[in-house]
Asks: 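Following this message is one structure expressed as structure tokens.
For clarity, every value in this text was computed on a predicted model and none was experimentally measured.
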Amino acid sequence: MSRLLQILSWLAGLVGFGLLVAGVAQLNVPAAFIVAGLGLLAWSLLADRAAAAIKTKGG
């Protein structure tokens, strides 16, 4: 059940990010690209930290 919750939370975050970018695009398209870029940079930072924690924990 924990795996299903992880997948659902990942999907909810992805949909939320898409809606955020779409909402900003309604106001200003270049600003939407900036928001998308910043969001992807933050996501890659979190993924890198998670991978490092798993590597450290796993051996």
Side-chain angles (χ1 to χ4, degrees):
M1 189 60 134
S2 174
R3 185 77 170 151
L4 177 63
L5 288 176
Q6 287 177 342
I7 292 170
L8 289 176
S9 67
W10 185 82
L11 285 174
L14 187 63
V15 169
F17 180 69
L19 289 173
L20 173 68
V21 172
V24 173
Q26 296 281 326
L27 301 172
N28 190 352
V29 174
F33 284 117
I34 293 170
V35 169
L38 290 174
L40 291 173
L41 283 171
W43 181 263
S44 68
L45 178 68
L46 289 173
D48 186 43
R49 287 185 180 175
I54 291 171
K55 186 175 182 180
T56 302
K57 206 181 230 186

Asks: Quick one: side chains of residues 36-45, donor-acceptor pairs under 3.5 Å with protein atoms, not counting sequence neighbours, listed by atom name and distance.
Replies:
{"residue": "Ser44", "atom": "OG", "partner": "Leu40", "partner atom": "O", "Å": "3.4"}
{"residue": "Ser44", "atom": "OG", "partner": "Leu41", "partner atom": "O", "Å": "2.8"}

Asks: Which value, rounded to the nearest 0.5 Å, describes the distance between Ser9 atom OG and Leu14 atom CG?
Replies: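 Output value for this atom pair is 11.0 Å.
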Asks: Suppose we screen for side chain to side chain contact (heavy atoms under 4.5 Å, CB included). Which residues come up paired with Val35, at least two apart in sequence or across chains?
Replies: Leu20, Val21, Val24
